[in-house]
Amino acid sequence: MTSSERLKIFVFLFAVFLCSNARAACEVIDGTKRRPFDGSLSGLEIEKKSLTRLNNEFPNLNIIERTFKGELQTCSACTEKYIACTGP
Amino acid sequence: MEIFKRMDAGKLRGLALTLNVLALVQPVAVHAMDISWNGFGSFYDGQALHKELMPEGFTDTHVNFTSFSLVGLNLASSVNDDLSFAAQFVALGMPVGESASFDLFAQWAFVNYTPSETISIHLGRQLYPSLLASDYVRVGFLLPFRQVPSGVFGIEPFTRFDGISAAKTFGTSLGKLTLGVFGGNPLLDISTIATSQGGLTFGFADLIGAEVTLDGDGWRIRAQASRFLSQLTEGSPLPANTLSGHTQNFSIGYRYDKGNIVSWSEYTLAQTPDGTTLNRGKYVGIGRGFYWLGGYRFGKFMPRYTFAVASDDFNILGANGYTNGKTTSHTVGINYQLGLQAVAKVEYELDLIPSPQNGSYFVVQPAGSTITSAGAFYAGVDFIF
């Protein structure tokens with residue numbers, strides 16, 4: 001395997017890592033269980049610090065807009081089911 | 001008309017009492033509730049360049065921070081997955097209703113019942129959904145301009161109502177379709193003390209309306225139609241008159257925000273076909289407003305341009321005669337994104353009127369003014385927290 005091929009494989013794996021990381025960036029936390037956030041907001045609180053991240057990950061949800069319309073709740077000390085995002 | 005957008009403290013106390021009663025009858029649920037909060041604000045300096053023609057909010061050509069600044073707070077709490085309470089408190093720089101400058105008042109406060117993912121019902125004080133951005137019209141961070149052009153925003157004589165609204169969402173091949181209906185009693189934004197001293201008593205009632213919104217990938221189109229009873233009683237020092245009619249309000253608009261391109265546009269019309277007729281025409285005869293905004297994002301910068309035109313035939317007697325006329329404005333500005341939670345905006349607005357003192361209701365035209373165009377600068381920041 002040449003260094004060029006190794007570089008291509010590395011770039012490919014890195015790209016896969018980035019993509020998978022982006023898709024798993026927001027999760028529904030339900031007690032001790034976690035699952036990927038599928039876009040359904042019913043009955044969910046949203047971690048306050050993840051608002052802008054969620055908006056970037058799911059722009060069609062208009063999270064910030066809906067929060068300031070009073071439709072969604074944010075939580076800074078979440079005790080039940082909520083959405084959290086990793087990363088900045 | 002910014003003058004109408006004032007608060008009613010009595011209604012707020014009534015709603016707070018209602019919420020307290022609800023809390024008493026559901027003590028177990030209340031103990032389980034967590035309160036969440038977030039906030040927003042706009043801090044702007046504005047300066048008009050000519051005292052004979054100034055945009056709404058100015059009284060002179062000195063630097064003005066108070067009229068263009070505000071801080072807001074959202075509070076929310078849920079009883080369960082279906083039922084929640086939400087309220088938005090705002091402290092506006094411009095004196096509001098019976099409150100002094102920067103006093104906090106409840107812009108809206110309602111119970112939100114969502115029996116399913118696609119149905120929501122609001123009960124309580126809520127915003128009159130007359131425009132594309134009515135639901136967050138004071139959250140400058142969500143707007144591409146500093147504020148919705150006053151000739152469009154001000155056509156409707158009130159911003160809030162006590163009542164009920166319901167909306168249902170449908171998935172379609174074009175996008176998400178939302179149909180909504182609303183009705184209730186409009187809340188005056190004007191100080192009853194101030195208006196009675198000027199010989200005016202306003203009354204609005206029996207609001208009913210519907211809206212339809214279609215959301216796609218980065219775009220929204222929306223239309224609204226509503227009707228309400230509007231009344232005005234004029235007394236000393238004005239000639240005695242009782243004027244009334246059923247005002248119809250209609251608006252249609254779109255927004256597009258995808259990739260680097262941002263564009264918003266909206267047209268609104270208010271008219272009172274059965275209104276009392278005066279010598280000069282009908283009270284709140286007709287008002288029209290239109291704006292178009294275009295912007296392009298270059299990284300964190302977004303230069304933008306807004307064209308707006310407003311004309312009105314309200315036949316309300318003011319200090320400078322009848323407030324009928326037309327104003328055209330051109331606004332150029334630049335937005336600069338300051339991280340994820342703030343955006344700085346700088347803009348220059350040029351107002352044009354057809355002849356001296358014949359601008360629309362939404363510009364300040366002191367008696368004796370002789371000019372037909374003037375500008376104003378604004379600079380500041382919108383933020384959320």
Side-chain angles (χ1 to χ4, degrees), chain A residues 18-19 21-88, chain B residues 32-40 72-78 80-88 107-112 114-118 120 122 124 126-127 129 133-143 167 175-176 215-220 255 257-258 339-341 384-385:
Chain A
L18 286 179
C19 290
N21 193 42
R23 290 184 185 191
C26 297
E27 294 178 310
V28 177
I29 315 291
D30 190 355
T32 56
K33 299 176 186 171
R34 289 170 176 253
R35 61 178 166 82
F37 173 56
D38 63 4
S40 171
L41 291 162
S42 180
L44 293 175
E45 290 183 319
I46 297 170
E47 242 187 6
K48 187 176 176 183
K49 62 185 177 186
S50 72
L51 266 185
T52 47
R53 180 66 189 270
L54 253 173
N55 202 51
N56 292 337
E57 295 287 335
F58 302 93
N60 291 337
L61 290 177
N62 294 318
I63 292 290
I64 296 177
E65 177 183 326
R66 292 180 63 180
T67 300
F68 285 96
K69 284 170 66 175
E71 292 180 355
L72 299 176
Q73 291 188 59
T74 56
C75 53
S76 46
C78 309
T79 55
E80 297 179 9
K81 237 177 7 177
Y82 65 98
I83 303 172
C85 297
T86 55
Chain B
M33 288 162 71
D34 293 312
I35 292 181
S36 70
W37 64 274
N38 49 50
F40 59 94
L73 192 63
N74 278 9
L75 294 177
S77 190
S78 62
N80 53 42
D81 284 359
D82 301 336
L83 192 64
S84 62
F85 303 98
Q88 184 176 89
Q107 177 146 277
W108 48 255
F110 55 73
V111 176
N112 186 10
T114 52
S116 77
E117 178 83 353
T118 60
S120 71
H122 293 175
Q126 48 204 295
L127 291 175
S134 286
D135 288 329
Y136 46 90
V137 72
R138 302 213 195 269
V139 187
F141 179 83
L142 294 172
L143 305 174
K176 188 175 76 174
D215 283 298
D217 182 14
W219 56 266
R220 168 177 292 180
R255 76 176 188 207
D257 190 341
K258 192 174 181 183
L340 295 171
Q341 290 175 268
I384 59 173
F385 55 91

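Letters A, B, ... are given to chains in the order of the sequence lines, protein chains preceding strands, and every chain is numbered from 1.
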Quick one: pull up [atom1] in [X] and [atom2] in [Y] and give me the separation to the nearest 0.5 Å.
{"X": "B/Asn38", "Y": "A/Ser76", "atom1": "CG", "atom2": "OG", "value": "10.0 Å"}
{"X": "B/Ile384", "Y": "A/Thr67", "atom1": "CD1", "atom2": "OG1", "value": "8.5 Å"}
{"X": "B/Tyr136", "Y": "A/Asn62", "atom1": "OH", "atom2": "CG", "value": "7.5 Å"}
{"X": "A/Phe68", "Y": "B/Asp135", "atom1": "CZ", "atom2": "CG", "value": "13.5 Å"}
{"X": "B/Ser78", "Y": "A/Leu44", "atom1": "OG", "atom2": "CG", "value": "10.5 Å"}

Q.
Could you report the tightest heavy-atom contact between B/Ser84 and A/Gln73, atom names first, then the distance?
A. CB-NE2, 3.6 Å

Q: Return the minimal non-hydrogen interatomic distance between A/Thr74 and B/Trp37, and the atom names on each side.
A: OG1-O, 3.5 Å

Contacting moiety of [X], where chain A heavy atoms sit under 4.5 Å:
{"X": "B/Gln126", "result": "neither"}
{"X": "B/Asn74", "result": "side chain"}
{"X": "B/Ala86", "result": "side chain"}

Q: Could you tell me which of B/Val139, B/Leu75, B/Asn80, B/Asp81 has the largest number of non-hydrogen atom pairs under 4.5 Å with chain A?
A: B/Asp81

Q. In terms of heavy-atom pairs under 4.5 Å with chain A, which of B/His122, B/Lys176, B/Arg220 leads?
A. B/Arg220

Q) With a cut-off of under 6.0 Å to the ring centre and 45° to the axis, is A/Lys69 in cation-pi contact with B/Trp108? A) no

Q) Do the side chain of B/Ser36 and the main chain of A/Cys75 share a donor and acceptor less than 3.5 angstrom apart? A) no

Q | Close side-chain approach of A/Asn55 and B/Leu340, heavy atoms under 4.5 Å | A | no

